[in-house]
Amino acid sequence: YALISLFDGTATALAAVQGELGYSPTAILLAEIEENVRPFSADLLDISPTPTLWKHSNMTTPDGDPVPVRYLKNVWEALENHAAPIRQMLSILRHAVIGDHPIKVVIVAGSPCQDLTTYGGSRGALGFTGQRSRHFHVIYYILHVLVSLIGKDNVYFVVENAGSML
């Protein structure tokens, strides 16, 4: 499987999915828009917080190969050049799949909720139009791309939210 982790600067999605499935993903596509948070995931995976290409992490696949990771600065970069980062991730996954096993992709997103919660500066009034929370919409586009490329039965996604969201 491959993991797409959006808005997850602390890499908790990786730990949760890996813990649930019991093994590391074959490829990881990370995207975090908050510059001051990016180093946390980069340190955990022993990668640069600003790579423009795929890099090998300190994790290994069940076959013992290093897990390739790409860390995007902006979640919308996943869709640039006809979704090139997503297509590259699927290519990595296809090369690792043995036999007729279907390609599976897990998406975990924790959208920026500062404009959605009652604890934010706008008390939730900005909703999905807020400067940060508007990035939530990228999730739908990424889902559409993945379903178009590998089918809906091969895409799993979880979106978390804050308890104080309106």
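Considering OG of Ser91 and CD1 of Ile86, their distance stands at 13.5 Å, rounded to 0.5 Å. Between the OG atom of Ser5 and the OH atom of Tyr71 there is a distance of 8.0 Å, given to the nearest 0.5 Å. How far CD1 of Ile103 is from OH of Tyr1: 15.5 Å, rounded to the nearest 0.5 Å. Between Ile28 atom CD1 and Lys55 atom NZ the span is 15.5 Å, to the nearest 0.5 Å. Going from atom CD1 of Ile92 over to atom CZ of Arg70 covers 9.5 Å, rounded to the nearest 0.5 Å.
Within 6.0 Å of CG in Asn36 there are more than 12 heavy atoms belonging to other residues, nucleotides or ligands.
Grouping Ile, Leu, Val, Met, Phe, Trp and Tyr by side-chain contacts under 4.5 Å, direct or through others, puts Phe40 with Val37.
Among all heavy-atom pairs drawn from Phe7 and Val75, the shortest one is CE2-CG1, 3.5 Å. Nearest heavy-atom pair, Pro68 versus Pro66, reported as atom, atom and distance to 0.1 Å: CD-O, 3.3 Å.
Of the listed residues (Leu29, Ile4, Val105), just one forms a side chain to side chain contact (heavy atoms under 4.5 Å, CB included) with Ile142, and that residue is Ile4.
Contact annotation: the side chain of Leu79 approaches that of Val138 to within less than 4.5 Å [non-hydrogen atoms, C-beta and beyond].
The side chain to side chain contact (heavy atoms under 4.5 Å, CB included) search around Ala16 returns none, not counting sequence neighbours. The side chain to side chain donor-acceptor pair (under 3.5 Å) search around Ser24 returns Gln18, not counting sequence neighbours. Every residue meeting the side chain to side chain donor-acceptor pair (under 3.5 Å) condition with Thr12, not counting sequence neighbours, appears here in chain and number order: Asp8. A search for side chain to side chain contact (heavy atoms under 4.5 Å, CB included) contacts involving Glu77 returns Leu72, Lys73, Asn74, Glu80, not counting sequence neighbours. The side chain to side chain contact (heavy atoms under 4.5 Å, CB included) search around Leu44 returns Ala11, not counting sequence neighbours.
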Under 3.5 Å, side-chain donor or acceptor atoms of residues 145-158 against the rest of the protein: list the pairs with distances, not counting sequence neighbours.
| unit_1 | atom_1 | unit_2 | atom_2 | d |
| --- | --- | --- | --- | --- |
| Ser148 | OG | His144 | O | 2.8 |
| Asn154 | OD1 | Lys104 | NZ | 3.2 |
| Asn154 | ND2 | Ile150 | O | 2.6 |
| Tyr156 | OH | Lys104 | NZ | 3.3 |

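Without hydrogens or angle criteria, Thr60 side chain to Asp65 main chain gives no donor-acceptor distance under 3.5 Å.
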(message) Is there a side chain to side chain contact (heavy atoms under 4.5 Å, CB included) between Leu6 and Val108? Walk through the geometry before answering.
(response) CA-CA 6 Å; Leu6 307 172; Val108 179; over 6 Å; no
